[in-house]
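Below you'll find the structure, written out as structure tokens, and then a few comments.
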Protein chains: 2
Amino acid sequence: MIDKLDFLLALARECHFGRAADACGVTQPTLSAGIKQLEETLGVLLVNRGSRFRSFTPEGERVLDWARRIVGDARALREDINALRHGLTGRLRIAAIPTALAMVASLTTPFRARHPNVQFTILSRTSIEVLAELDNLEIDAGITYLDNEPLGRVNTIPLYPERYRLLTSTGAPLGERTSVTWAEVAQVPLCLLTPDMQNRRIINRLLNRTGAESRPMLESDSMIVLFSHVRTGKWASVMPAKLAETLGLTQTLRAIPIVEPDEVHTIGLVIPQREPMTPLTAALVAEAQRLAPALSD
Amino acid sequence: MIDKLDFLLALARECHFGRAADACGVTQPTLSAGIKQLEETLGVLLVNRGSRFRSFTPEGERVLDWARRIVGDARALREDINALRHGLTGRLRIAAIPTALAMVASLTTPFRARHPNVQFTILSRTSIEVLAELDNLEIDAGITYLDNEPLGRVNTIPLYPERYRLLTSTGAPLGERTSVTWAEVAQVPLCLLTPDMQNRRIINRLLNRTGAESRPMLESDSMIVLFSHVRTGKWASVMPAKLAETLGLTQTLRAIPIVEPDEVHTIGLVIPQREPMTPLTAALVAEAQRLAPALSD
DNA sequence: TTGTTTGATTGATTTAGCCTATTGAAAATG
DNA sequence: CATTTTCAATAGGCTAAATCAATCAAACAA
């Protein structure tokens, strides 16, 4: 039963019988049969098919909701008992928005000191993807904006405020200033994240509000790309203050506060709303709560 | 997997492999094998055995907690999808303390008018048993005291206040009074519930507080026994006001308020703390919330 | 058309679940 | 202390379920 519900979850993730089967480690006929059997025992059609996967029926969506709970709890059970036996072990899968990626280290490092046998998988994702994968049980926790998009059935632990800095070099335009306005930033050629990232949308909104047209010269979905361009001294970018500090400022590389408006967004840990939590998630939450006071300036 | 967890739940209820197997509709070797398989997949001993069932290990208790959730959710899934297909159907299992049994009709009757295809099982239980069976998933809801014993992981919906009346006949001692004190009641030979019932313990406490020794002449675990004795005109009892009214007063049968102190306890619906609720439970809660205002005098 | 993708179907094989019968050990009983 | 009873584990055998590899048919795309 639980295996079949897991099949359904995989199908929801992949929208494709074959790939879903691969993800579950079974062959495609096995997964097809599993879904069909679910439909028979429940007496309803769960998937709209037409020679290929189309969508879930309303009943299918409902079953998916329950499947997320039940499969999640079944995993938590194993994890819980494992933790009782061997202490905390296993793998913690975390997805973070690009601007928060650099700070993950300040969460994982003290965590690892406490629980040396836990492995990590850290993924770079958009804020939308973070929430979707949290729902799908593809990740255990996310790090994203807490105060913008509607969060689903999740619990949140605030980590730090995101404030914006113009990252540029002495010698470049605005490079010697102690603060700049968004209107001034709008005049500078920038390296920014791609528009599917919420950080970019926030910056766009702030730039457009000045009336000026923002014309980023370079887009990427990777902060490393943006930062390495700025490090050449020939480019500028807008980054969260925390990130700029983490990546390291030099004598010529400066992070200049941007004012008017001095907007702030909260970044935090997002975990599935499950009571009780899995031991790994509980430990991560504890670590986040220890870390948060040190980060909130 | 879910079946095995169900085996474990049955074993927790029965504390006996054979009876647990019966309850699950399988033979004893099947259940034994199921438990053993659970232990193997989780890698821990769940049950302390010594030629017969002794107890659960700490890990076993932990697995039981999860099993309650997972099995409960799996049932809720089926019920939920069934409700989508055929409207509300199935069986609602309710356990109530004896003094609340008569009022169950005012919950079930309007419920049945709204959902004609739902069947009921109503059980008379002590308040302790109500909570235990709620935990074990043996019942869907309970009706018991909300303000006395510590309730576990449950949600509550207040239904009505329980106030106490001396149920006796004109002609009998105190039979003509408009109110009596607990000290006076203590002097009368009474028919009361057995001491395992919380109602009896409440009455005992109130009687003993007057300093007098309470000497019930007749004990029973059935309100029908108590009431039929009082109806002969030769006996008296202490009953909740709501119950006396429901059973019906006559010209000679009187329910006299007992004062000093005028103690009140709240009776309510108790349901498992599960989000979302099963459709049947949700409908019952809705009915209880409609009913409560009419009952709270 | 022709080749590709995708999910259903088929038939063989392995696995899991369950039952009856029996055994062994501890408790209860005389 | 001997006997009986109770209880759970074990053994052996059967059936149903699960899974896989291979194939098929429909829908697309080129």
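Naming convention: chains lettered A, B, ... in sequence-line order (proteins, then strands); numbering from 1 in each chain.
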Sugar-phosphate only, base, or nothing, as touched by B:Thr30 at under 4.0 Å among non-hydrogen atoms: base
A:Phe53 side-chain proximity, nearest of C:dG7, D:dT10, D:dT19: C:dG7
Short side-chain N/O contact to C:dG17 OP1/OP2 from B:Lys4, under 4.0 Å: yes
Integer-rounded Å distance: C:dT20 P and B:Leu31 CG: 15 Å
Under 4.0 angstrom between B:Gln28 side-chain N/O and C:dT20 OP1 or OP2: no
Side chain of B:Arg54 (C-beta onward), nearest among C:dA27, D:dA8, C:dG7: C:dA27
Nearest-angstrom distance from the residue atom CG of B:Leu46 to P of D:dA9: 12 Å
B:Thr27, nearest nucleotide to its side chain (from C:dT20, C:dA27, D:dA18): C:dT20
Below 4.0 Å: OP1/OP2 of D:dT10 and any side-chain N or O of B:Lys36: yes
Euclidean distance, atom CD of residue B:Glu39 to atom C1' of D:dA8 [Å, nearest integer]: 13 Å
Between C:dG7 (C1') and A:His16 (NE2): distance, integer Å: 9 Å
Rounded distance (Å) that lies between atom C1' of C:dA16 and atom CD of A:Gln37: 13 Å
d(CD1, B:Ile35; C1', C:dC18) in whole Å: 15 Å
Shortest side-chain distance from B:Arg52, nucleotide among D:dA11, D:dA18, D:dA8: D:dA8
Atom pair distance, as rounded to whole Å: CZ in A:Arg49 and C1' in C:dT9: 13 Å
Smallest separation among heavy atoms of A:Asp221 and A:Leu193, with atom names: C-CD2, 4.0 Å
Residue-phosphate contact under 4.0 Å: B:Ser32 side-chain N/O, D:dA9 OP1/OP2: yes
Criterion salt bridge (Lys or Arg N to Asp or Glu O under 4.0 Å) on A:Glu138 and A:Arg93, from CA distance to verdict: CA-CA 8 Å; A:Glu138 286 176 280; A:Arg93 297 158 302 168; over 6 Å; no
